[in-house]
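Note that the structure is a prediction, hence the values are computed from the model and not measured. In this chain, residues are counted from 1 in sequence order.
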Amino acid sequence: MLSTAKLDKILDYLLPIPHLDSIRIGTKMVAYEPKRFEDPTLLALFQRIHEAGKAAVIVTHFDHIGEISVEAERNIRSLSAQGVQFLNQSVLLAKVNDDPEILAATFAKCHHMGVRPYYLFQGRPVKGASHFQVSLRRGIEIAHGINRRVSGMQKTFKYIMSHYTGKIEILDLGADGRVYMRYHQNKAPEKIGKIFSRPYLEGVCWLDDLPEG
């Protein structure tokens, strides 16, 4: 957990950059260490960002509605009243939140608090944690299921795969047996927004497991 003093030093480097219009802080502390956000020095740090003409944004990591405590909600509402913006990203985890009802309830609660869900992450293969991966087919079903359960105003998330080439939005599994995707970010700017597809193999969880062609 970074101290406010260390965050201030990071801002010394970031705030003078003219093309940065927001400073984002990604953290699970909102869920697991809510008392950190009761620190009055943090408010001064966010105010410093605002005075530099940039937006202060906290990216929360609520994977499950059970992680949203009363204290977390109180802190979010308090900071929102001071102009801090909130986004949420959830990682899709097998046997934890791989259920559209759980995630729809999580996203609806986020919206209720003023937090905008913007990513549902397809978990990438990590040594020792691959058992948490969800297949692409199931992930697509879950994403569709969430959208059937939330209101139109709440359909703000993208189903994203974080790949070494950049973030990829997973769109759908077509009737032709291909997974359709779109480059959300890429090292090659001309690829951003481009739709592409690969043949689907049952049970795969990762882009590199899909055959090219």
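I65 and L92 are not part of a single hydrophobic cluster, where members link through side-chain heavy atoms under 4.5 Å apart. Note on L15 and I17: same hydrophobic cluster, where clusters join Ile, Leu, Val, Met, Phe, Trp and Tyr whose side-chain heavy atoms are under 4.5 Å apart, directly or indirectly. A continuous path of hydrophobic side-chain contacts links I49 to L20 [ILVMFWY only; heavy atoms under 4.5 Å]. By the rule that hydrophobic residues join a cluster once side-chain heavy atoms approach within less than 4.5 Å of another member, I68 and Y32 end up as members of separate clusters.
Residues D172 and H144 meet the side-chain proximity criterion, which asks for heavy atoms closer than 4.5 Å. Looking at F86 and C110, their side chains never come closer than 4.5 Å, going by heavy atoms from C-beta outward. Considering only heavy atoms from C-beta on, H163 comes within 4.5 Å of W206 through its side chain. You'll find the side chain of N147 reaches within 4.5 Å of the side chain of F157, heavy atoms only. Here the side chains of L136 and L210 are in contact, with some heavy-atom distance below 4.5 Å. For the pair E71 and K35, the minimum side-chain heavy-atom distance is 4.5 Å or more. The side-chain heavy atoms of K54 and S22, taken from C-beta on, include no pair separated by under 4.5 Å. In this structure the side chain of F37 reaches within 4.5 angstrom of the side chain of T27, judged on heavy atoms.
Using a 4.0 Å cut-off between charged nitrogen and carboxylate oxygen, R74 and E38 count as a salt-bridge pair. Here R48 does not pair with E51 in a salt bridge; the nearest charged N to carboxylate O distance is not below 4.0 Å.
Taken to the nearest 0.5 Å, the CG atom of D21 stands 9.0 Å off from the CD1 atom of I23. Atoms CZ and CZ, from R198 and R178 in turn, are 9.5 Å apart once rounded to the nearest 0.5 Å. Between the CD atom of Q85 and the CD1 atom of I58 there is a distance of 10.5 Å, given to the nearest 0.5 Å.
Within a 6.0 Å radius of CD in E212, no more than 12 heavy atoms belonging to other residues, nucleotides or ligands are found. More than 12 heavy atoms of other residues, nucleotides or ligands sit less than 6.0 Å from atom NZ of K155. K28 NZ: more than 12 foreign heavy atoms inside a 6.0 Å radius.
Panel note: side chain N97, backbone H64; no donor-acceptor pair is recorded below 3.5 Å. Side-chain atoms of Y13 do not come within 3.5 Å of backbone N or O of P16 as any donor-acceptor pair. Of the possible polar contacts, one joining the Q122 side chain to the V134 backbone as a donor-acceptor pair under 3.5 Å is found. At distances below 3.5 Å, not a single donor-acceptor pair connects side-chain atoms of N88 with backbone N or O atoms of V115.
Counting Ile, Leu, Val, Met, Phe, Trp and Tyr side chains that sit under 4.5 Å apart, directly or through other members, I195 shares a hydrophobic cluster with L171, Y180. Through ILVMFWY side-chain contacts below 4.5 Å, V70 is grouped with nothing and stands alone. With side-chain heavy atoms closer than 4.5 Å counting as contact, directly or through intermediates, the hydrophobic cluster containing Y119 also holds V57, V59, L87, V91, L93, V96, Y118, F121, F132, I160.
When all heavy atoms of A31 and F62 are compared, the closest pair comes out as CB-CE2, 3.5 Å.
Take T4 and apply the side chain to side chain contact (heavy atoms under 4.5 Å, CB included) test, not counting sequence neighbours, and it matches D8, R36, D39, T41, L42, L45. Under the rule for a side chain to side chain contact (heavy atoms under 4.5 Å, CB included), the partners of K191 that lie at least two apart in sequence or sit in another chain are Y183, N186, A188.
Side-chain N/O atoms of H111 and T156 include a donor and acceptor closer than 3.5 Å.
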Problem set entry | Worked verdict on E73 versus H112 for side chain to side chain contact (heavy atoms under 4.5 Å, CB included) | CA-CA 10 Å; E73 182 173 358; H112 178 71; 4.0 Å; yes
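Evaluation of the side-chain hydrogen bond (donor to acceptor under 3.5 Å, both in side chains) test over residues 123-134, restricted to residues two or more places apart or in two chains, returns none.
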